[in-house]
Amino acid sequence: SPSSSSSLLEPLSTSFAFASSASRSSTYASLSEPLIAPEDLAPRLSSEQGDEPTVTPKSTLLSGAAQTMRGILLHGTGSEEHLHLEDKIAIPSLGKGDVCVRINAVALSRVDHDVVCSRYRDISPDSSARQVIPGYEVSGVIETIGSEVPPPFAVGSEVCGLLPVSSESGGCADFCVQPYFFFVIKPTVLSHEEAAALLLPGIRAFTALHYQMRAAAGETILITNAASDLGYVATQLAGRMQMHVFATTAVANSEEADYLENLSTDIVRLISPEEDLLEVIATETDGMGVDFILENPSMRRMSSSSSSSSSSSSSSSSSNCTATAEGTHLSHVLGTATVASLLAARGVWVTSRPNVELDEDLSAIFRLKSLALSFVDEQTWVTAPTQLGRYQHILRDLLVRAEKGELCAKISKLFPLHKIREAHRTLLQNTTGRVVCTPL
């Protein structure tokens, strides 16, 4: 990192110019819909997803004596070794506004690993005291509905949705029981695996581009670790918006490059780890810098200070959350000084890392250039009741794009749910595509 504040302004920020940002706040203002309370979702869903379906008799699955199901229970935290397959888990009771969904696919992400490692301890349920079923990106078929669930939801409807980490009834089981407003109707052209795989990266990418950056056509964006789940979807969305996309790969091999080059989206410049990122961006933007940075750190590797000592025991360390805590969050991360130099004036840095520290000198640079820092976390939409209307809007928009073939998430590994521990270990080694689990 440069040793002084003034050096951080060179070479990219000697001029405080930046590309076409004047249109930023107006072009996509229409995407920020008014807040919609959960009780107001029923008429909206009916009008936007087609005519009301024929009334279907409610299933009797949960009407008799206590029912049980198979699923994965989290007993304690610390590693995926605390995930256990059990055959007789009680199916949660159905509330008036709940739907019981038979799970066909559940996608895994860093969120699942963080829950297992108790990094969501402030909002996730205590697995030592209660029955906790993980799995938060789900797709399936409605088996039973509560008495107050509105159309278009009905028994037999194919739905998908993102569940809050505070939930005890996740998707790693035969069924999950959740309020209806966490779900939307799944397009029939998408498989359950495809729908589940799109949820988290799609919501994160849409949130970053439209809500946090308010990006517009012609503006420039640097997407780091672009072959990752978030990077892959964000690159497609930014390309469809006619933005100028610069993308980095996490590792120096042809696999990630080929993976990205197969996209229909045009990438202005694909930057490998061997290249000087500052120099490339300075050359490509005539020294102005980029309007936006979307940073998605890799969770695959240990940090450089500990990778050499852990290389001989990678198989064991991958299942130890304490040993991999730094690597799962802080690998392939941009230095804050680098970010300050890469961004044009009034630029926006959106990151999925868990925390950022700015010293006094860097804070001064951020202030002088009017830079903005924002954290992207999809859980905000489903844990804050006032945001559920926007969540529904985002999810429907993503699925319409996917239905038209404009957007997709790649699936790299499929696991039967009974191999959940192996799926979690693969999650820590995966650089491209999603890890998805299918029914037991």
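Keep in mind that the numbers below use all heavy atoms, side chains included, and drop hydrogens, waters and symmetry copies. Not measured: the values here are computed from a predicted model. Residues take their numbers from the sequence shown, with the count starting at 1.
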*Take V149 and D98 through the side-chain contact (heavy atoms from CB on, under 4.5 Å) test and state the conclusion after the steps.*
CA-CA 7 Å; V149 174; D98 292 344; 5.8 Å; no
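- With F415 as reference, T426 is the one residue of T426, L108, V436 to meet the side-chain contact (heavy atoms from CB on, under 4.5 Å) rule.
- Of the possible polar contacts, none joining the Q392 side chain to the V184 backbone as a donor-acceptor pair under 3.5 Å is found.
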*Given salt bridge (Lys or Arg N to Asp or Glu O under 4.0 Å), test R434 with E137 step by step and report yes or no.*
CA-CA 11 Å; R434 302 298 316 275; E137 304 166 71; 3.1 Å; yes
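- Although no hydrogens or angles enter the test, the distance criterion places no donor-acceptor pair under 3.5 Å between the side chain of K419 and the main chain of A423.
- A salt bridge between R421 and E80 is absent, with no side-chain N of the basic residue lying under 4.0 Å from a carboxylate O of the acidic one.
- Side-chain N or O atoms of T383 include one that pairs as donor or acceptor with a backbone N or O of Q379 at under 3.5 Å.
- Aromatic ring centres of H75 and H84: separated by under 6.0 Å.
- The backbone N or O of L427 lies less than 3.5 Å from no partner atom in the side chain of N430, so there is not a single donor-acceptor pair.
- Side-chain contact between L163 and C176: present, with at least one pair of heavy atoms (C-beta onward) separated by less than 4.5 Å.
- Atom NZ of K186 sits about 9.0 Å away from atom CG of L399, to the nearest 0.5 Å.
- Atoms CE and CG, on M243 and D266 in that order, are 14.5 Å from each other to the nearest 0.5 Å.
- Across all their heavy atoms, C408 and L198 have their closest contact at C-CD1, 4.4 Å.
- Of all non-hydrogen atoms in A208 and L294, the two that sit nearest each other are CB-CD1, 3.9 Å.
- Using a distance-only test at 3.5 Å, with no hydrogens or angles considered, a donor-acceptor pair links the side chain of E194 to the main chain of S191.
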_Evaluation steps, side-chain hydrogen bond (donor to acceptor under 3.5 Å, both in side chains), between N296 and S228_ = CA-CA 8 Å; N296 183 39; S228 65; 2.5 Å; yes
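- Side-chain contact between E219 and M241: absent, with no pair of heavy atoms (C-beta onward) separated by less than 4.5 Å.
- Side-chain polar atoms of T380 and Q387 form no donor-acceptor pair below 3.5 angstrom.
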*Verdict with supporting geometry, F246 and I223, side-chain contact (heavy atoms from CB on, under 4.5 Å)*: CA-CA 6 Å; F246 302 94; I223 300 175; over 6 Å; no
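- Shown are L373, D359, L358, I365; of these, the side-chain contact (heavy atoms from CB on, under 4.5 Å) with T336 is made only by L358.
- Atom CG of D276 is surrounded by more than 12 heavy atoms from other residues, nucleotides or ligands within 6.0 Å.
- Panel note: side chain T338, backbone L334; no donor-acceptor pair is recorded below 3.5 Å.
- Looking only at distances, no side-chain donor or acceptor of T248 sits under 3.5 Å from a matching main-chain atom of I271.
- For the pair Q236 (side chain) and Y232 (backbone), a donor-acceptor distance under 3.5 Å is present.
- For the pair I103/P439, no side-chain contact is recorded, criterion being any heavy-atom separation below 4.5 Å from C-beta on.
- Residue pairs meeting the ring-ring contact (aromatic ring centres under 6.0 Å, His included) criterion with at least one member in residues 260-287: none, sequence neighbours excluded.
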*Decide side-chain contact (heavy atoms from CB on, under 4.5 Å) for T438 and L417; before the verdict, give the C-alpha distance in whole Å, the side-chain angles of both, and the deciding distance to 0.1 Å.*
CA-CA 6 Å; T438 53; L417 201 52; over 6 Å; no
_Audit row: T220, D291, side-chain hydrogen bond (donor to acceptor under 3.5 Å, both in side chains) steps and yes/no_ = CA-CA 5 Å; T220 53; D291 296 310; 3.3 Å; yes
_Could you go through V99 and V159, starting from their C-alpha distance and side-chain angles, then the distance that decides it, and tell me whether this counts as side-chain contact (heavy atoms from CB on, under 4.5 Å)?_
CA-CA 10 Å; V99 293; V159 296; 5.9 Å; no
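- Among all heavy-atom pairs drawn from L200 and S109, the shortest one is CD1-OG, 3.4 Å.
- Summarising the geometry, atom CD1 belonging to I133 is positioned 9.5 Å from atom CD belonging to E86; distances are rounded to the nearest 0.5 Å.
- Of all non-hydrogen atoms in I281 and G289, the two that sit nearest each other are CG2-CA, 4.3 Å.
- Formation of a donor-acceptor pair under 3.5 Å by the S352 side chain with backbone atoms of V376 is not found in this model.
- If you run side-chain contact (heavy atoms from CB on, under 4.5 Å) between E295 and each of N225, V350, T351, V356, only T351 comes through.
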*asked:* With salt bridge (Lys or Arg N to Asp or Glu O under 4.0 Å) as the criterion, how do R269 and E284 come out once you've worked through the C-alpha distance, each side chain's angles and the decisive distance to 0.1 Å?
replied: CA-CA 8 Å; R269 183 75 151 76; E284 294 287 344; 3.5 Å; yes
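- In this structure, the side chain of S139 does not engage the main chain of A195 through any donor-acceptor pair within 3.5 Å.
- One finds the CG atom of N104 at 4.0 Å from the NE2 atom of H192 (value rounded to the nearest 0.5 Å).
- Taking 4.5 Å as the limit, some side-chain heavy atom of F183 sits within range of a side-chain heavy atom of V138.
- Proximity of L199 to C160: side-chain heavy atoms (C-beta onward) are separated by under 4.5 Å at one or more points.
- Taking each heavy atom of L230 and A205 in turn, the nearest pair found is CD1-N, 3.6 Å.
- Under the 4.5 Å side-chain criterion, counting only non-hydrogen atoms from C-beta, D112 is not in contact with V165.
- Partner of W381 under the ring-ring contact (aromatic ring centres under 6.0 Å, His included) criterion, chosen from F182, Y391, Y211, Y136: Y211.
- The line from CD1 of I267 to OG1 of T235 is 5.0 Å long, rounded to the nearest 0.5 Å.
- For residues 402-411, no pair satisfies side chain to side chain donor-acceptor pair (under 3.5 Å), with sequence neighbours left out.
- At least one side-chain heavy atom of L83 sits less than 4.5 Å from a side-chain heavy atom of H424.
- Across A238 and I221, no two heavy atoms sit closer than the pair CB-CG2, 4.3 Å.
- Distance CG/L190 to CD/E158: 10.0 Å, rounded to 0.5 Å.
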*Passes salt bridge (Lys or Arg N to Asp or Glu O under 4.0 Å), E81 versus R425? Steps please.*
CA-CA 10 Å; E81 299 305 317; R425 286 190 286 269; 3.2 Å; yes
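- The side-chain heavy atoms of L85 and L73, taken from C-beta on, include no pair separated by under 4.5 Å.
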